[in-house]
Amino acid sequence: MYVLLVASAFNSLTQRVHAELRDHGHRVAVELALPGVALGDTVRRHRPDLVLAPMLRTALPEDVWAAYTCLVVHPGPVGDRGPSSLDHAVQDGETRWGVTVLQANAEMDAGDVWAAADCPVPPVGKSDLYRGEIADAALEAVLLAVERFASGTYVPRPQTAGRARPPVRQDERRIDWTRDGTERVLRILRAADSRPGVRDHLLGADWYLHGGHREDGLRGRPGELLATRAGAVCRATADGAVWIPELRAPRVAGRPATPRLPATLALADRPGGLPALPALPPLPELPAPPDAGPYRPAWSDIGYHEQGRTGFLTFSFPGGAMSTAHCRRLLDAYRTACTRPTSVLVLGGGRDFFSNGIHLGVIEAAADPAEESWANINAMDDLVEAVLTTTDRLVVSALGGNAAAGGAMLALAADEVWCRSGVVLNPHYRLMGLYGSEYWTYTLPRRVGPVLADRLTTEALPLGAAAAHRLGLVDRTVPCAPGDFSRETQRLAVRLAALPATDSRIAAKKAARERDEARRPLAAHREAELARMRRTFFDPHAPYHALRRAFVRKERPAATPPHLTRAAADRRGVTGLAEPDAAPGPGTC
């Protein structure tokens with residue numbers, strides 16, 4: 001069938017639907033629902049068999065849903081209605097939720113039901129939940145609904161009851177630091193972790209708080225700041241404390257939106273005098289609990305543990321964005337991990353984003369964005385180079401969540417790439433006006449050949465895990481729930497380290513690296529890539545600067561990008577950079 005996706009943004013869920021429908025043999029195109037665009041005329045121009053809305057903030061006009069079957073993906077169970085479905089689920093402490101695919105009509109979220117799927121709600125942030133369990137349930141429901149529509153015989157069932165809930169406002173998100181315990185504070189923070197944040201007063205100014213993690217040891221007067229770690233600030237609750245990774249300054253009337261930033265960077269010199277706790281605790285000798293997920297004795301965005309001859313270097317940066325500081329700290333941790341007596345080292349393994357590359361939000365907020373861009377890309381390159389030149393052990397990139405641009409190239413630097421079956425990959429830079437670096441001119445052709453490498457970096461369509469595996473971009477897909485990926489990765493990595501052939505693979509790897517170095521040194525790849533990146537960064541008229549600003553400020557495009565409006569056939573397997581999610585993270589590339 002020819003399926004037209006209508007969406008408010010080409011976000012992660014829209015990308016995943018696009019990729020998986022193509023994998024199921026459908027032709028797929030995208031049109032963005034933008035202000036001032038006559039959507040009815042646009043849809044008629046496509047003449048699709050089916051209209052599907054994976055993420056839509058506005059109602060479809062009557063001239064569309066009256067002429068075509070239009071299926072809307074609602075992130076709530078049957079009968080749930082309203083624009084803040086996930087906010088309510090997380091803030092209210094729901095343990096199970098669901099996704100409904102319903103037919104658009106004159107009443108929002110009240111149409112006949114074509115399919116539904118339920119899912120657990122783990123104690124994670126809304127955006128993580130949206131890209132994980134909700135996305136899995138959405139794909140299950142979407143594929144079933146499309147199959148039912150294609151049959152021509154299925155009759156959707158009407159909703160007999162429903163509850164329309166209003167949007168969650170800031171008054172309902174307010175934290176009373178003198179009375180609210182840690183559990184309530186975490187639910188409020190997680191329900192608004194990426195958008196819109198929780199408005200609060202801190203150190204004499206108003207801020208939006210983004211994200212929250214439990215602190216088990218520190219205590220203090222409720223509301224006061226206790227310490228900093230890895231760019232986050234620790235704040236006391238009525239019965240404990242939480243870590244807040246990011247802050248955003250309120251928007252000033254008449255000025256552009258402000259980016260989310262690491263909390264200590266946003267506060268500048270205000271948290272002076274607070275103890276700065278180490279970002280990476282001393283490397284533990286004890287194995288991680290099998291169900292602990294990324295193991296950390298205390299919260300940090302980087303952690304390490306071992307099991308037998310296998311090391312696990314976990315990292316999780318908000319929105320997958322890696323600033324210069326993030327890259328340098330991760331490189332330090334990587335070098336330390338390489339001093340350990342292991343034969344396999346696993347990078348990643350968490351449940352959300354692996355990496356989306358350089359931190360466009362920090363770059364945009366810098367006094368000199370060109371200089372910060374240059375520092376950030378060099379720090380990314382240093383990290384990737386360290387992975388590429390590790391020849392005394394096997395390195396595995398474990399992608400429990402999506403990866404894009406330089407983050408995808410970081411993954412490809414490893415000997416093996418494993419990803420969860422729900423991952424979406426975006427291995428290119430073009431939509432941000434960049435040539436790219438991170439040694440992609442070496443790692444990408446090495447995996448898929450020069451012809452496909454050229455397609456992957458010039459076309460801009462999402463690539464799902466199954467297609468990435470078929471193309472050789474990924475070595476293993478792991479079909480599991482988001483919360484199980486860490487445990488599955490650990491099991492597979494420990495087994496890899498125990499294989500008799502692993503030692504011979506390490507020896508062969510060293511020889512292959514020496515041959516490649518003699519053919520063309522890594523330094524030559526880096527020099528050629530960075531020469532083009534430097535010209536872009538320091539050219540004030542280069543499109544990158546306007547594209548970066550628009551991306552960070554969440555500005556809507558004037559029209560749907562042409563590469564999305566063209567109907568893509570199945571199994572062609574190329575990718576693009578995601579627009580902000582319904583619950584977006586900071587800008588990355």
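For Arg393 and Ser343, the side-chain atoms include no donor-acceptor pair closer than 3.5 Å. Thr324 and Glu372 form a side-chain donor-acceptor contact under 3.5 Å, judged by distance and modelled atom types alone. In the model, Asn376 has no side-chain atom that pairs as donor or acceptor with a side-chain atom of Ser373 under 3.5 Å. No side-chain donor-acceptor contact under 3.5 Å links His545 and Glu364.
Taking the side chain to side chain donor-acceptor pair (under 3.5 Å) definition, one finds that Glu224 meets it with nothing, sequence neighbours left out. A search for side chain to side chain donor-acceptor pair (under 3.5 Å) contacts involving Asp200 returns Trp177, Arg235, not counting sequence neighbours. A search for side-chain contact (heavy atoms from CB on, under 4.5 Å) contacts involving Leu277 returns Leu218, Ala227, Arg229, Trp243, not counting sequence neighbours. Checked against side chain to side chain donor-acceptor pair (under 3.5 Å), Thr237 has the following partners two or more places apart in sequence or in another chain: Thr182, Asp239. Residues forming a salt bridge (Lys or Arg N to Asp or Glu O under 4.0 Å) with Arg199 (at least two apart in sequence, or on another chain): Asp206. Under the side-chain contact (heavy atoms from CB on, under 4.5 Å) criterion, Cys480 pairs with Arg420, Val478, Asp484, Phe485, Glu488, not counting sequence neighbours. Remark: Arg476 pairs with no residue by the salt bridge (Lys or Arg N to Asp or Glu O under 4.0 Å) rule, at least two apart or across chains. Considering only residues two or more places apart in sequence or on other chains, Glu183 meets the salt bridge (Lys or Arg N to Asp or Glu O under 4.0 Å) condition with Arg214. Residues satisfying the salt bridge (Lys or Arg N to Asp or Glu O under 4.0 Å) criterion with Arg248, sequence neighbours excluded, are absent altogether. In terms of the side-chain contact (heavy atoms from CB on, under 4.5 Å) criterion, residue partners of Ala325 (sequence neighbours excluded) are, by chain and number, Ser323. For Arg190, the side chain to side chain donor-acceptor pair (under 3.5 Å) test picks out no residue, with sequence neighbours left out.
Separating the CG atom in Asp180 from the CZ atom in Arg187 is a distance of 9.5 Å, to the nearest 0.5 Å. Note that CG of Leu383 and CG of Asp332 are 10.0 Å apart. Values are rounded to the nearest 0.5 Å. The structure places CG of Asn402 at 7.5 Å from CG of Asp352, a figure rounded to the nearest 0.5 Å. In this structure, CG on Asp382 lies 8.0 Å from CZ on Arg328, to the nearest 0.5 angstrom. The distance from the NE2 atom of His201 to the CG atom of Leu209 is 12.0 Å, given to the nearest 0.5 Å. Between Leu313 atom CG and Thr336 atom OG1 the span is 9.0 Å, to the nearest 0.5 Å.
You'll find the side chain of Asp109 stays beyond 4.5 Å of the side chain of Thr100, heavy atoms only. When side chains are defined from C-beta on, Leu425 counts as touching Val423, because their heavy atoms get closer than 4.5 Å. Counting heavy atoms from C-beta on, the side chains of Leu330 and Met322 come closer than 4.5 Å. In this structure the side chain of Val346 reaches within 4.5 angstrom of the side chain of Thr310, judged on heavy atoms. Side-chain contact between Ser397 and Phe354 is present, with at least one heavy-atom pair separated by less than 4.5 Å. Side-chain atoms of Tyr130 and Val124, non-hydrogen and from C-beta on, never get closer than 4.5 Å to each other. Here the side chains of Leu360 and Tyr544 are in contact, with some heavy-atom distance below 4.5 Å. Side-chain contact check for Leu492 versus Leu496: every heavy-atom pair is 4.5 Å or farther apart.
Leu399 and Ala403 get closest at one heavy-atom pair: CD2-CB, 3.7 Å. Minimum heavy-atom separation, Pro462 to Gln15: CG-O, 3.3 Å. Taking both residues in full, the closest heavy atoms of Pro427 and Met409 are given as O-CE, 3.4 Å, listed atom of the first, atom of the second, then distance. The two residues Pro482 and Arg351 make their nearest non-hydrogen contact at O-CB, 3.6 Å. Counting all heavy atoms, side chain and backbone alike, Tyr429 lies closest to Leu434 at CB-O, 3.4 Å. Pairing each heavy atom of Asp193 with each of Gly125, the nearest pair is OD2-CA, 3.4 Å.
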Residues Ser316, Asp301; criterion side chain to side chain donor-acceptor pair (under 3.5 Å); working and verdict: CA-CA 5 Å; Ser316 180; Asp301 52 8; over 6 Å; no

In sequence, state the C-alpha distance, the side-chain angles, and the governing distance for His359 and Cys327, and then conclude on side-chain contact (heavy atoms from CB on, under 4.5 Å). CA-CA 10 Å; His359 199 310; Cys327 294; over 6 Å; no

Check step by step if side-chain contact (heavy atoms from CB on, under 4.5 Å) holds for Val233 and Leu226. CA-CA 7 Å; Val233 293; Leu226 306 176; over 6 Å; no

Can Arg131 and Ser127 be said to form a side-chain contact (heavy atoms from CB on, under 4.5 Å), step by step? CA-CA 6 Å; Arg131 287 183 289 265; Ser127 55; 3.4 Å; yes

Could you go through Tyr334 and Thr390, starting from their C-alpha distance and side-chain angles, then the distance that decides it, and tell me whether this counts as side chain to side chain donor-acceptor pair (under 3.5 Å)? CA-CA 10 Å; Tyr334 182 85; Thr390 299; 2.6 Å; yes

List the steps, then state whether side-chain contact (heavy atoms from CB on, under 4.5 Å) holds for Lys554 with Arg195. CA-CA 11 Å; Lys554 311 297 185 250; Arg195 177 179 291 184; 3.9 Å; yes

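Between Phe537 and Trp374, the two ring planes are perpendicular [angle over 60°; tilted spans 30° to 60°].
Not one N or O on the side chain of Asn356 forms a donor-acceptor pair closer than 3.5 Å with the backbone of Gly320. Proximity of a side-chain donor or acceptor of Thr258 to a complementary backbone N or O of Ala249 within less than 3.5 Å is detected.
No more than 12 heavy atoms of other residues, nucleotides or ligands sit less than 6.0 Å from atom CZ of Arg179. Atom CZ of Arg96 has more than 12 heavy atoms from other residues, nucleotides or ligands within 6.0 Å.
Both tests do not hold together for Arg548 against Phe551: distance to the six-membered ring centre under 6.0 Å, angle to the ring axis within 45°.
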Run the side-chain donor-acceptor check on residues 76-87: report pairs under 3.5 Å with partners two or more places apart or on a different chain.
| residue | atom | partner | partner atom | Å |
| --- | --- | --- | --- | --- |
| Asp80 | OD1 | Arg165 | NH2 | 3.0 |
| Asp80 | OD2 | His74 | NE2 | 2.7 |
| Asp80 | OD2 | Ser85 | OG | 2.9 |
| Arg81 | NH1 | Glu107 | OE2 | 3.2 |
| Ser84 | OG | Val168 | N | 3.0 |
| Ser85 | OG | Pro75 | O | 2.7 |
| Ser85 | OG | Trp97 | NE1 | 3.1 |
| Asp87 | OD2 | Lys126 | NZ | 3.1 |
| Asp87 | OD2 | Arg173 | NH1 | 3.4 |
| Asp87 | OD2 | Arg173 | NH2 | 2.8 |

